[in-house]
Undergrad: 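Have a look at this one before I ask anything.
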Amino acid sequence: MKENRTETNRRGLLLCVSGPSGTGKGTVIRRILASNPKMVHSISVTTRPPRQGEQNGVDYHFRSRGEFLSMLDHGDILEHDLYCDHYYGTPKSNIDALLAAGTDVLLDITIPGSLSVMNSYPEAVTIFLMPPSFGELRRRLAGRGTEDPEAMRQRLEKAREEISKAELFTYCIINDDIAAAADKIMAIAQAEHCRYERQKGLEKNILAR
Ligand code: ADP
Ligand code: 5GP
């Protein structure tokens with residue numbers, strides 16, 4: 001195999017995916033992971049109770065409020081947010097090590113979460129996943145069947161405010177087709193890796209060979 005140090009030495013991308021509840025973030029991320037074994041999804045910590053079928057350590061690390069606040073106190077959380085009365089946070093754990101090893105890391109986080117990551121990781125890539133319409137968002141959330149009517153109302157109310165924040169993101173993808181949205185995120189990742197800024201110093205390696 002040809003030696004390609006510039007590729008193998010590359011740092012991973014921190015890809016933040018945000019968008020209203022029900023827009024399809026989890027579905028699109030699962031699609032990406034299924035066909036890209038080198039991408040990882042950072043499993044968040046939450047105080048929200050598990051939904052039917054959700055597994056601790058797979059979908060989320062489910063923790064009590066006390067446990068979450070203690071993790072915060074100990075500096076174990078990279079960013080966090082209070083969303084619809086529950087805490088959600090990205091564990092620091094091994095994110096820096098993964099990025100240093102060249103692994104692309106996907107975060108499925110709230111809009112304030114993405115803005116907070118941008119502060120601590122200015123090189124992070126922010127992607128807003130938009131529903132095709134508000135009516136379709138309502139149908140998807142209802143179709144998922146995971147929230148009671150009051151929780152759904154809260155999430156949809158929040159969605160109006162969230163959609164108005166799309167302009168704060170670098171990329172915006174309308175999720176009208178799962179495979180197409182996943183491909184677009186992969187295309188963004190590929191283009192971001194090609195930014196000169198992310199490959200600074202490659203000339204030295206090229207000229208030395
Ligand atoms: P989020 O993670 O953003 O809250 P989910 O991934 O749970 O959203 O998706 C919400 C619902 O919408 C799920 O039932 C999912 O199967 C469905 N869904 C996601 N993307 C699409 C799409 N492009 N077209 C139709 N249904 C979709
Ligand atoms: P859900 O309850 O539907 O799984 O998630 C609710 C919201 O929390 C979604 O917008 C999701 O992106 C967000 N979320 C999940 N994990 C995190 C996290 O670690 N940090 C932040 N800030 N938001 C998260």
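As the structure is a computational prediction, the values presented were derived from the model and not from experiment. Counting starts at 1 for both ligands and their atoms, in listed order. Below, all heavy atoms of this structure are taken into account, side chains as well, without hydrogens, waters or symmetry copies. Residues: numbered from 1 along the sequence shown.
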Undergrad: Could you tell me which atoms of ligand 2, counted from 1 in the order shown, lie closer than 4.0 angstrom to a heavy atom of Y83?
TA: 6 (C), 7 (C)
Undergrad: Taking D104 for its side chain and M39 for its backbone only, find out whether a donor-acceptor pair lies under 3.5 Å.
TA: no
Undergrad: Quick one: does any side-chain atom of T90 pair with a main-chain N or O of L78 as donor and acceptor, under 3.5 Å?
TA: no
Undergrad: Side chain of D176, backbone of P132: donor and acceptor closer than 3.5 Å?
TA: no
Undergrad: Between L106 and V17, is there a side-chain heavy-atom distance shorter than 4.5 Å?
TA: yes
Undergrad: Counting non-hydrogen protein atoms only, what is the nearest one to atom 7 (O) of ligand 1? Give residue, atom name and distance.
TA: R144 NH1, 2.9 Å
Undergrad: Could you tell me whether G89 and ligand 2 have an N or O pair separated by under 3.5 Å?
TA: yes
Undergrad: For atom 5 (O) of ligand 2, grab the closest protein heavy atom and report residue, atom and distance to one decimal in Å.
TA: Y60 OH, 3.3 Å
Undergrad: Can you tell me the protein heavy atom closest to atom 2 (O) of ligand 1 and the distance?
TA: G26 N, 2.9 Å
Undergrad: For a salt bridge (Lys or Arg N to Asp or Glu O under 4.0 Å) check, start with the C-alpha distance between E162 and K165, then their side-chain angles and the critical distance, and finish with the verdict.
TA: CA-CA 5 Å; E162 290 173 322; K165 302 273 167 55; over 6 Å; no
Undergrad: Tell me whether E150 is salt-bridged to R153, with the criterion being a basic N under 4.0 Å from an acidic carboxylate O.
TA: yes
Undergrad: Note the single closest protein heavy atom to atom 8 (O) of ligand 1, along with its residue, its atom name and the distance in Å.
TA: G24 N, 3.1 Å
Undergrad: Using modelled atom types and a 3.5 Å cut-off, is there a donor and acceptor pairing between side-chain atoms of D177 and backbone atoms of A179?
TA: yes
Undergrad: Between Y88 and ligand 2, which residue portion shows a heavy-atom distance shorter than 4.0 Å: side chain, backbone, both, or neither?
TA: both
Undergrad: Can you check whether Q154 reaches S21 side chain to side chain, under 4.5 Å on heavy atoms?
TA: no
Undergrad: Below 4.0 angstrom from a heavy atom of K25, which ligand 1 atoms are there? Numbered from 1 as shown, please.
TA: 1 (P), 2 (O), 3 (O), 4 (O), 6 (O), 8 (O)
Undergrad: Report yes if some heavy atom in the side chain of L14 is under 4.5 Å from a heavy atom in the side chain of E123; otherwise report no.
TA: no
Undergrad: Could you tell me the residue and atom name of the protein heavy atom closest to atom 18 (N) of ligand 1, and the distance to it rounded to 0.1 Å?
TA: R140 CD, 3.9 Å
Undergrad: So for atom CZ, which belongs to R195, do other residues, nucleotides or ligands contribute more than 12 heavy atoms lying within a distance under 6.0 Å?
TA: no
Undergrad: Can you tell me which residue and heavy atom of the protein come closest to atom 10 (C) of ligand 1, and the distance to 0.1 Å?
TA: G22 O, 3.5 Å
Undergrad: Would E162 count as a contact of ligand 2 if the rule is a heavy atom under 4.0 Å away?
TA: no
Undergrad: Show the atoms of ligand 1 that are less than 4.0 angstrom away from any heavy atom in P20.
TA: 3 (O)
Undergrad: With a 4.0 Å cut-off on N to O distance, would you call E54 and R48 a salt bridge?
TA: yes
Undergrad: Applying the side-chain contact (heavy atoms from CB on, under 4.5 Å) criterion to I127, which one of L107, I185, T170 satisfies it?
TA: I185
Undergrad: Can you check whether R48 has an N/O within less than 3.5 Å of an N/O in ligand 2?
TA: yes
Undergrad: For atom 5 (P) of ligand 1, what is the nearest protein heavy atom, given as residue, atom name and distance?
TA: T27 OG1, 3.5 Å
Undergrad: I need the contact type for K158 against ligand 2. Using non-hydrogen atoms and a strict under-4.0 Å cut-off, is it side chain, backbone, both or neither?
TA: neither
Undergrad: Are the side chains of R30 and H41 in touch, meaning some heavy atoms are under 4.5 Å apart?
TA: no
Undergrad: Counting each atom of ligand 1 from 1 as listed, which ones have a heavy atom of D177 under 4.0 Å away?
TA: 23 (N)
Undergrad: If you have a sec, work out which protein heavy atom is nearest atom 22 (N) of ligand 2 and how many Å separate them, to one decimal?
TA: E79 OE1, 2.8 Å
Undergrad: Is it the side chain, the backbone, both or neither of H61 that has a heavy atom closer than 4.0 Å to ligand 2?
TA: neither
Undergrad: Which residue supplies the protein heavy atom nearest to atom 23 (N) of ligand 1, what is that atom called, and how far is it?
TA: N175 OD1, 2.9 Å
Undergrad: Would you say G19 contacts ligand 1, with heavy atoms under 4.0 Å as the rule?
TA: no
Undergrad: State whether a side-chain donor-acceptor pair under 3.5 Å links Y171 with E192.
TA: yes
Undergrad: Give the atom numbers and elements of ligand 2 that come within less than 4.0 Å of a heavy atom of D108.
TA: 11 (C), 12 (O), 14 (N), 15 (C), 16 (N), 17 (C), 24 (C)
Undergrad: For L129, which part has a heavy atom under 4.0 Å from ligand 1: side chain, backbone, both, or neither?
TA: neither
Undergrad: Can you tell me if S114 and S18 form a side-chain donor-acceptor pair at under 3.5 Å?
TA: yes
Undergrad: If the cut-off is 4.0 Å to any non-hydrogen atom of G113, which atoms of ligand 2 fall inside it?
TA: 22 (N)
Undergrad: Which is it for V28 and ligand 1 at heavy atoms under 4.0 Å: side chain, backbone, both or neither?
TA: neither
Undergrad: Less than 4.0 Å is my threshold; does some heavy atom of A181 fall inside it relative to ligand 1?
TA: no
Undergrad: If we set the cut-off at 4.0 Å for heavy atoms, which region of H86 has an atom near ligand 2: side chain, backbone, both, or neither?
TA: neither
Undergrad: What closest approach, in Å, do G113 and E79 show between heavy atoms, and which atom pair accounts for it?
TA: CA-OE1, 3.2 Å
Undergrad: With heavy-atom distances below 4.0 Å as the criterion, list the atoms of ligand 2 near T110.
TA: 8 (O), 10 (O), 12 (O), 13 (C), 21 (C), 22 (N), 23 (N), 24 (C)
Undergrad: With atom 1 (P) of ligand 2 as the reference point, say which of E54, R51, K25 has the nearest heavy atom.
TA: R51
Undergrad: At a 4.0 Å threshold, what atoms of ligand 2 neighbour a non-hydrogen atom of S44?
TA: 16 (N), 17 (C), 18 (C), 19 (O)
